[in-house]
Amino acid sequence: MEAGAASRDLMDKNTYQMQFTNDLSQLGLNKTYLCYEVELLDSNSWVPLDDCRGFLRNQPGLHAELCLLDLVPSWHLDPTKRYRFTWFLSWSPCPDCAQKVVAFLERNSHISLHIFAARIYDYRERYEKGLRSLQGAGAQVAIMTSTEFKHCWRTFVNNKGCLFVSWNRLNMNSQNLKMRLQSILENGNN
DNA sequence: ATTTTCAAT
């Protein structure tokens, strides 16, 4: 068995394909999934922590990012060491969650955060400000490309040995979203 | 002009 894949739960592949699409014409994407990884800085290299890898989805009344923050204490990370969290989100954080994640990062200066979002959650007012505040707190915010979709497929999905298969316009959608995000992040402070 | 998103019917 592959190292680290031992007793870890994997996401159903249909769920992954459905939920992590970046095709904005898809309807009914009313849940958010979050795949997460943690790495520890050891000398000069980042070492993946297999026990701190997995996925979750939002619970009623609790957005996925906050579910993740609730999980962090159970990992018993050493505050004298440096960690990097990487999140792959099907929807980017809403402004409220962004604020809470910013506060988390401020309280935990030994943790840095990279966020990749499949889609931009622009339903809520001032979502742009939330994304900018994350960036302002030192988080890297980016759009998932085929590289990340493939990585998640290999890492978090019960792929039954199948290779990742791209969907129509994956790259085009990703590029469009990337340009939108870039414009949001570059666009002032309001 | 169109329409949706961490549900609600």
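Reminder, nothing fancy here: chain letters follow the sequence lines and each chain counts from 1.
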Can you measure [X] atom [atom1] to [N] atom [atom2] for me and round it to whole angstrom units?
| X | N | atom1 | atom2 | value |
| --- | --- | --- | --- | --- |
| A/Arg126 | B/dT5 | CZ | P | 23 Å |
| A/Gln19 | B/dA7 | CD | P | 12 Å |
| A/Trp91 | B/dT5 | CH2 | P | 8 Å |
| A/Asp122 | B/dC6 | CG | C1' | 14 Å |
| A/Arg119 | B/dT4 | CZ | C1' | 11 Å |
| A/Arg124 | B/dC6 | CZ | P | 10 Å |
| A/Gln59 | B/dA7 | CD | C1' | 14 Å |
| A/Lys100 | B/dC6 | NZ | C1' | 12 Å |

With the side chain defined as heavy atoms from C-beta on, A/Leu27 is closest, among B/dT4, B/dA7, B/dT5, to B/dT4
With the side chain defined as heavy atoms from C-beta on, A/Tyr123 is closest, among B/dT4, B/dA7, B/dT5, to B/dT5
Taking atom types as they are modelled, is there a donor-acceptor pair under 3.5 Å from the base of B/dT5 to the side chain of A/Asn30?
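Donor-acceptor pair under 3.5 Å: no.
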So, with a heavy-atom separation below 4.0 Å from DNA chain B, the residues of residues 138-153 of chain A are none
So, with a heavy-atom separation below 4.0 Å from DNA chain B, the residues of residues 64-73 of chain A are A/Ala64, A/Glu65
Donor-acceptor pair, distance only, cut-off 3.5 Å: does the side chain of A/Arg84 make one with the backbone of A/Trp46?
no
- request: Could you tell me whether the side chain of A/Arg119 and the main chain of A/Thr21 form a donor-acceptor pair under 3.5 Å?
  value: yes
Parallel, tilted or perpendicular, judged at 30° and 60°: which one describes the rings of A/Trp167 and A/Phe164? perpendicular
Q. Using the ring of each side chain (for Trp, its six-membered ring), is A/Phe55 parallel, tilted or perpendicular to A/Tyr33, with breaks at 30° and 60°?
A. parallel
Report the residues that fulfil side chain to side chain contact (heavy atoms under 4.5 Å, CB included) with [X], sequence neighbours left out, ordered by chain and then residue number.
| X | result |
| --- | --- |
| A/Glu37 | A/Arg53, A/Thr86, A/Phe88, A/His151, A/Thr155, A/Phe156 |
| A/Asn158 | A/Leu10, A/Lys160 |
| A/Met18 | none |
| A/Leu40 | A/Leu49, A/Lys81, A/Tyr83 |

Which whole number of Å gives the distance between the P atom of B/dT3 and that of B/dA7?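 So the two P atoms sit 23 Å from each other.
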Exercise. In whole angstrom, give me the gap between the C1' atoms of B/dC6 and B/dT2.
Key: 24 Å
Check your understanding: Going by atom types alone, do A/Thr80 and A/Asp78 pair a side-chain donor with an acceptor below 3.5 Å?
Key -> yes
Legend entry - Distance test, side-chain N/O of A/Tyr121 to OP1/OP2 of B/dC6, below 4.0 Å: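 Indeed, a polar side-chain atom of A/Tyr121 lies that close.
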